[in-house]
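So the structure is just underneath, and the comments pick up after that.
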Amino acid sequence: VVVVGADAAGMSAASQAKRLAGDDVEIVAFERQQWTSYSACGIPYWIAGDVDGPDALIARTPEEHRRRGIDVRLGHEVVALDVEAHTVTVRDLGSGDVQAHTYDELVLGTGATPIRPNLPGIDAEGVLGVQTIDDGAAVLSWLDEVDARTSGPARAVVVGGGYIGVEMAEAMVRHGLDVTLVDLAAQPMSTLDPDMGVLVREAMEGFGCRVVTGAAVDAIETKDGRAFGVVAGERAFPADVVVLGLGVRPATQLAADAGLWLGDSGGLVTNDRQQVVDADGALVPGVWAGGDCVESFDRLTGGRIHVALGTHANKQGRVIGTNLGGGEATFPGIVRTAISKVCDLEIARTGLREKDASRAGIDVVTATVESTTRAGYFPGAEPMTVKALAERGSGRLLGVQIVGRAGSAKRIDAAALALWNGMSARDLAMSDLAYAPPFSPVWDPVQIAARKAADLAESP
Ligand SMILES: Cc1cc2nc3c(=O)[nH]c(=O)nc-3n(C[C@H](O)[C@H](O)[C@H](O)COP(=O)(O)OP(=O)(O)OC[C@H]3O[C@@H](n4cnc5c(N)ncnc54)[C@H](O)[C@@H]3O)c2cc1C
């Protein structure tokens with residue numbers, strides 16, 4: 001087995017295959033960086049100072065993988081695939097040597113590439129991304145350098161208000177920087193409906209982050225090769241550091257160059273065993289893929305969608321490893337669940353937003369409720385807002401969004417399971433969920449929102 005990319009998907013596949021098949025399988029994993037099985041998810045919290053890094057972010061070191069019998073080759077980039085001849089061409093980034101390796105089974109876990117628009121100044125020093133452990137280290141060392149250079153508070157502009165941008169904005173504020181977040185959308189966190197995103201904006205402004213929305217970045221201003229500002233929507237924002245959080249695209253150039261078929265998002269397409277298929281649905285023999293480089297089956301629409309999350313990468317990798325190790329496993333799909341936080345505001349969503357439902361031609365009703373994380377009279381009760389979406393007429397649950405203080409967001413899991421099982425909003429409202437005053441009001445806020453959405457959906 002040859003694995004390309006030694007992080008979540010690739011090494012979950014390798015580890016599971018080794019666990020099941022032992023010495024019956026020989027595995028070589030090529031990784032162009034110097035890390036294996038690292039948590040990119042922890043990078044914003046490392047930069048914020050909540051967790052140590054980088055070693056603490058490594059779930060399993062290259063040495064640990066090798067002790068389990070996986071031949072990990074760091075600093076090795078796969079530069080070409082030949083899926084007819086079953087070979088990969090690998091460049092040793094240290095020596096420059098290029099060699100071909102044959103495989104019986106190929107696992108593609110090449111991840112995603114951060115979007116870096118071709119703007120004037122984008123390559124200036126101080127314009128930083130946060131995709132890898134090395135990126136995290138580069139941000140921290142740049143912040144040290146900036147601290148040493150500036151007398152007042154240094155200025156950061158975060159471009160993009162998705163969950164990584166929002167998490168990075170918090171990290172920068174906690175570093176003592178003067179932070180502006182710039183986003184093209186009407187509100188930050190456009191994975192939520194705008195009426196929920198506005199709550200995120202208010203919380204960010206509450207902790208001192210300037211939020212500029214509806215503004216496209218036109219250029220990075222530079223001086224002597226360094227960034228000193230961001231121009232967006234005819235305004236200029238001074239910046240000693242610019243952090244890019246504009247989302248990612250599947251890293252599939254290698255696969256495309258080898259003639260593999262890509263879906264609309266540019267991600268590889270697989271069957272439910274994570275075997276790569278062509279445009280006719282026929283298997284590409286011996287090629288498997290998982291994680292950020294693939295599209296996932298969307299249980300809500302029956303289509304495919306690219307959702308770059310570690311939770312899917314780990315599961316898809318395990319599915320591949322189980323199948324390669326002689327077992328049988330399938331990946332059952334996703335319902336678009338995600339969770340995040342900014343300072344003490346928790347943010348979660350599952351299912352469709354209003355605009356997703358309209359795009360799919362579904363007539364949607366919505367109900368939004370303000371409630372509390374515990375019984376209102378119980379000490380420590382915190383505010384939370386829940387929005388539920390249901391289909392008019394049928395009452396089918398379509399989605400739930402939560403924004404609130406500590407104890408709010410993980411409640412999304414009950415809604416995600418309801419969606420997973422195709423339940424109605426009424427079913428979710430009447431489900432036997434846990435209640436006692438220290439944990440929830442007698443009607444859980446998710447159930448209140450679902451009940452109201454059900455009432456609306458069922459009303460003539
Ligand atoms: C800042 C940040 C925060 C995140 N937070 C969360 C979160 O809270 N929750 C969540 O679920 N997800 C989160 N994610 C997403 C999550 O990290 C990714 O979905 C996950 O890492 C994807 O795993 P993967 O194995 O598919 O790809 P990656 O982790 O990107 O790994 C791909 C690997 O392949 C290597 N590679 C690529 N091409 C080649 C080649 N040609 N030759 C050799 N090696 C190659 C790369 O160097 C890389 O190490 C976050 C991501 C970031 C960046």
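Start at 1 and go down the list; that is how both ligands and their atoms are numbered. As the structure is a computational prediction, the values presented were derived from the model and not from experiment. For this chain, numbers begin at 1 and follow the sequence in order.
Taking a cut-off of under 4.0 Å to the non-hydrogen atoms of G291, the atoms of ligand 1 that pass are 26 (O). Interface atoms of ligand 1 facing T311, defined by a heavy-atom separation under 4.0 Å, are 11 (O). Taking a cut-off of under 4.0 Å to the non-hydrogen atoms of A308, the atoms of ligand 1 that pass are 15 (C), 19 (O). Atoms of ligand 1 lying under 4.0 Å from at least one heavy atom of V4, given by number and element, are 40 (C), 42 (N). Under a 4.0 Å criterion applied to the non-hydrogen atoms of L254, ligand 1 contributes the atoms 41 (N).
For the residue pair S296/Q316, the side-chain donor-acceptor check at 3.5 Å is satisfied. Between S440 and R374, the side chains place no donor N or O within less than 3.5 Å of an acceptor N or O (distance only, hydrogens not considered). No hydrogens or angles considered: a donor-acceptor pair under 3.5 Å links the side chains of S340 and E167.
Heavy atoms of I164 found under 4.0 angstrom from ligand 1 belong exclusively to the side chain. When non-hydrogen atoms are compared, ligand 1 lies under 4.0 Å from neither the backbone nor the side chain of M168.
Taken to the nearest 0.5 Å, the CZ atom of R66 stands 9.5 Å off from the CZ atom of R73.
By the 4.0 Å heavy-atom criterion, Y38 is counted among the residues contacting ligand 1.
Between the side chain of S12 and the main chain of G317, no donor-acceptor pair closer than 3.5 Å is present.
The shortest N or O to N or O distance between A8 and ligand 1 is under 3.5 Å. In terms of N/O distances under 3.5 Å, ligand 1 is approached by E31.
Looking at G5, P44, S340 and measuring to atom 34 (O) of ligand 1, the nearest heavy atom belongs to G5.
Using the six-membered ring where Trp is involved, H76 and F30 have ring planes that are tilted, between 30° and 60° apart.
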